[in-house]
Amino acid sequence: VRERVKKRAEKETWVKKEVIEAAVDEVLKVIVERVKEGDEVYIRGFGRFFPKKRKARFGYDLKRSKKIPIPERVVFAFRPSKKIHVIKEE
């Protein structure tokens, strides 16, 4: 995704490739940092990134035929905006 954004921005704008790379990398870095801190990041017309809590559960070890506990954890989640959903359906 990162490479596609960089290539498209380079074709459609007059901005140098290095500047585009730096901007894209910085935006992604900020999004990841904020979500790791437990905050939500909303980009209008695109969607929101947020931390999502997964419940503790049991998995199954096929080699040993045992149930193994999988602890509760927080994962990185994304919910697209309604505009993205409309594009997806077309």
Side-chain angles (χ1 to χ4, degrees):
V1 173
R2 179 181 293 170
E3 292 303 317
R4 280 191 273 162
V5 170
K6 290 175 187 176
K7 285 180 184 177
R8 186 165 181 179
E10 186 179 9
K11 286 181 184 178
E12 296 182 13
T13 65
W14 51 268
V15 181
K16 290 185 179 183
K17 182 180 178 181
E18 294 81 24
V19 175
I20 294 169
E21 280 184 22
V24 170
D25 289 343
E26 190 62 30
V27 167
L28 293 175
K29 187 171 100 177
V30 169
I31 290 171
V32 170
E33 286 174 1
R34 298 299 296 190
V35 173
K36 279 184 179 180
E37 292 172 3
D39 296 332
E40 233 179 67
V41 177
Y42 178 73
I43 301 174
R44 185 178 299 264
F46 184 69
R48 69 184 174 106
F49 300 90
F50 57 97
K52 185 175 184 179
K53 192 179 278 190
R54 294 267 175 106
K55 294 180 183 178
R57 59 191 172 92
F58 285 96
Y60 195 73
D61 184 353
L62 296 173
K63 285 185 178 181
R64 294 178 185 82
S65 298
K66 287 185 175 180
K67 281 188 176 180
I68 54 172
I70 298 173
E72 183 178 89
R73 62 190 176 134
V74 178
V75 296
F76 191 90
F78 173 73
R79 177 138 200 177
S81 72
K82 290 179 183 178
K83 289 181 182 179
I84 300 292
H85 281 293
V86 172
I87 291 171
K88 187 177 170 184
E89 292 173 0
E90 292 178 354

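Treat the numbers as computed from the prediction; the structure is a model and nothing was measured.
In this structure, CD1 on Ile31 lies 6.5 Å from CZ on Phe76, to the nearest 0.5 angstrom. The distance from the OG atom of Ser81 to the CZ atom of Arg48 is 11.5 Å, given to the nearest 0.5 Å. How far NZ of Lys52 is from CZ of Arg54: 6.0 Å, rounded to the nearest 0.5 Å.
For Phe78, the side-chain contact (heavy atoms from CB on, under 4.5 Å) partners are Phe46, Phe49, Pro80, not counting sequence neighbours. Under the rule for a side-chain hydrogen bond (donor to acceptor under 3.5 Å, both in side chains), Glu33 has no partner lying at least two apart in sequence or in another chain.
Between Val32 and the options Arg34, Lys29, Lys36, a side chain to side chain contact (heavy atoms under 4.5 Å, CB included) holds for only Lys36.
The two residues Phe50 and Val35 have their closest heavy-atom pair at C-CG1, 3.8 Å.
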**Study point:** From CA spacing to verdict: side-chain contact (heavy atoms from CB on, under 4.5 Å), Val24, Leu28
**Key:** CA-CA 6 Å; Val24 170; Leu28 293 175; 4.0 Å; yes

Identify every side-chain donor-acceptor pair in residues 61-75 under 3.5 Å, counting partners at least two apart or on other chains, and give the distances.
residue, atom, partner, partner atom, Å
Asp61, OD1, Lys63, N, 3.2
Asp61, OD2, Arg64, NH1, 2.9

